[in-house]
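Keep in mind that what you see is a predicted model, and the values were worked out from it rather than measured.
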Amino acid sequence: TTLGECMRCPLAPGRNTLVFGEGNPEARLLFIGEGPGFHEDKQGRPFVGPAGQLLDKMIAAMGYQRSEVYIANVVKCRPPDNRDPTQEERYACRPFLVGQIQAIQPEVIVTLGKVASQTVLETDARISRLRGRWTEYPRLGIPVMPTYHPAALLRNAHLKRPVWEDLQKVMETLKA
C-alpha cells in the first residue's frame with residue numbers, strides 16, 4: 001500500500017507533509033504515537049517537537065539511539081489544532097500502520113498514549129488501565145507495552161516514574 005498523495009480521510013487537505021515514520025527498518029523496538037503535531041507536519045518527521053525531544057531522552061535512557069529504533073504514528077497527517085484523530089481517520093490510516101508493523105517485525109512495540117494504545121490494541125480501555133501491562137499485538141503476537149505519551153510527561157512530571165518503570169520492563173524483555 002503506498003501513501004503517495006493519500007486523500008483517504010479529511011486530514012489530507014490540511015497537511016503540509018505526510019509523516020510516515022522513520023528509523024531502522026529492522027528495529028527490535030517500535031514506538032507508535034498518535035499523529036504528527038505542528039513541528040512534525042513542518043519537517044515531515046515524527047516526534048521532533050518538545051515531546052519528541054523527551055522521547056529521544058527516553059530512548060537514550062534505555063540504551064538506544066533514535067536511529068536504532070523505529071518511530072511511527074497511528075495517523076500520518078496532522079489533525080487540526082492537534083486534536084485526537086477521529087475513528088474514521090484512524091481507520092483510513094490503519095493499513096499503513098499494519099504494513100509498517102508487518103515490515104519491521106519488531107520484538108517489542110511501545111504505544112505512546114491513549115490514541116496509539118487504543119488503536120493498536122483495538123480497545124477503548126483508558127490509558128491508565130492499559131499502561132504498564134504487557135499485551136499482544138493482535139494477529140502477530142508481538143508484545144506491546146502501552147505507556148503515557150511524552151507530551152503528557154511534559155504537562156505532568158509525576159508520570160515520569162511510571163513511564164520509566166514501563167520502559168524498564170521493555171528493556172528486560174529485549175535483553176532476554
Roughly how far, to the nearest 0.5 Å, is the [atom2] atom of [Y] from the [atom1] atom of [X]?
{"X": "Leu30", "Y": "Leu97", "atom1": "CG", "atom2": "CG", "result": "7.5 Å"}
{"X": "Lys114", "Y": "Thr123", "atom1": "NZ", "atom2": "OG1", "result": "12.5 Å"}
{"X": "Phe31", "Y": "Thr147", "atom1": "CZ", "atom2": "OG1", "result": "9.5 Å"}
{"X": "Gln100", "Y": "Cys93", "atom1": "CD", "atom2": "SG", "result": "9.0 Å"}
{"X": "Leu54", "Y": "Ile59", "atom1": "CG", "atom2": "CD1", "result": "10.0 Å"}
{"X": "Ile71", "Y": "Asp56", "atom1": "CD1", "atom2": "CG", "result": "6.5 Å"}

Return the minimal non-hydrogen interatomic distance between [X] and [Y], and the atom names on each side.
{"X": "Pro95", "Y": "Ala92", "value": "CD-O, 3.5 Å"}
{"X": "Thr17", "Y": "Gly44", "value": "CG2-CA, 3.5 Å"}
{"X": "Arg133", "Y": "Met145", "value": "N-SD, 3.8 Å"}
{"X": "Trp164", "Y": "Ala61", "value": "CH2-O, 3.4 Å"}
{"X": "Lys169", "Y": "Gly132", "value": "NZ-O, 2.6 Å"}
{"X": "Gly141", "Y": "Glu136", "value": "CA-OE1, 3.5 Å"}

Name of the residue among Glu122, Glu89, Glu88 meeting salt bridge (charged side-chain N to carboxylate O under 4.0 Å, His left out) with Arg94: Glu122
Does a side-chain heavy-atom distance below 4.5 Å link [X] with [Y]?
{"X": "Ser67", "Y": "Asn24", "value": "no"}
{"X": "His39", "Y": "Pro50", "value": "yes"}
{"X": "Trp134", "Y": "Thr173", "value": "yes"}
{"X": "Phe47", "Y": "Pro150", "value": "yes"}
{"X": "Ile101", "Y": "Ile32", "value": "yes"}
{"X": "Lys76", "Y": "Cys6", "value": "no"}
{"X": "Asn73", "Y": "Val75", "value": "no"}
{"X": "Pro85", "Y": "Glu34", "value": "yes"}

Treating Ile, Leu, Val, Met, Phe, Trp and Tyr as nodes and any side-chain heavy-atom pair under 4.5 angstrom as an edge, say whether [X] and [Y] lie in one connected cluster.
{"X": "Val19", "Y": "Phe38", "value": "no"}
{"X": "Val48", "Y": "Leu153", "value": "no"}
{"X": "Phe96", "Y": "Tyr91", "value": "no"}

Side chain of Asp41, backbone of Asn16: donor and acceptor closer than 3.5 Å? yes
Output yes when a side-chain donor or acceptor of Gln118 lies under 3.5 Å from a complementary backbone atom of Val115, and no otherwise. no
Show your reasoning for whether side chain to side chain contact (heavy atoms under 4.5 Å, CB included) applies to Cys77 and Leu18. CA-CA 5 Å; Cys77 298; Leu18 264 164; 3.7 Å; yes
Side chain to side chain contact (heavy atoms under 4.5 Å, CB included) evaluation trace for Lys57 with Gln53: CA-CA 7 Å; Lys57 289 180 185 160; Gln53 291 162 13; 5.7 Å; no
Atom [atom1] of residue position [X] - does it have more than 12 heavy atoms of other residues, nucleotides or ligands inside 6.0 Å?
{"X": "Glu26", "atom1": "CD", "result": "no"}
{"X": "Lys160", "atom1": "NZ", "result": "no"}
{"X": "Arg139", "atom1": "CZ", "result": "yes"}
{"X": "Asp124", "atom1": "CG", "result": "no"}

Glu22: which residues meet the salt bridge (charged side-chain N to carboxylate O under 4.0 Å, His left out) condition with it, sequence neighbours left out?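 Result, salt bridge (charged side-chain N to carboxylate O under 4.0 Å, His left out) vs Glu22: Arg45, Arg66.
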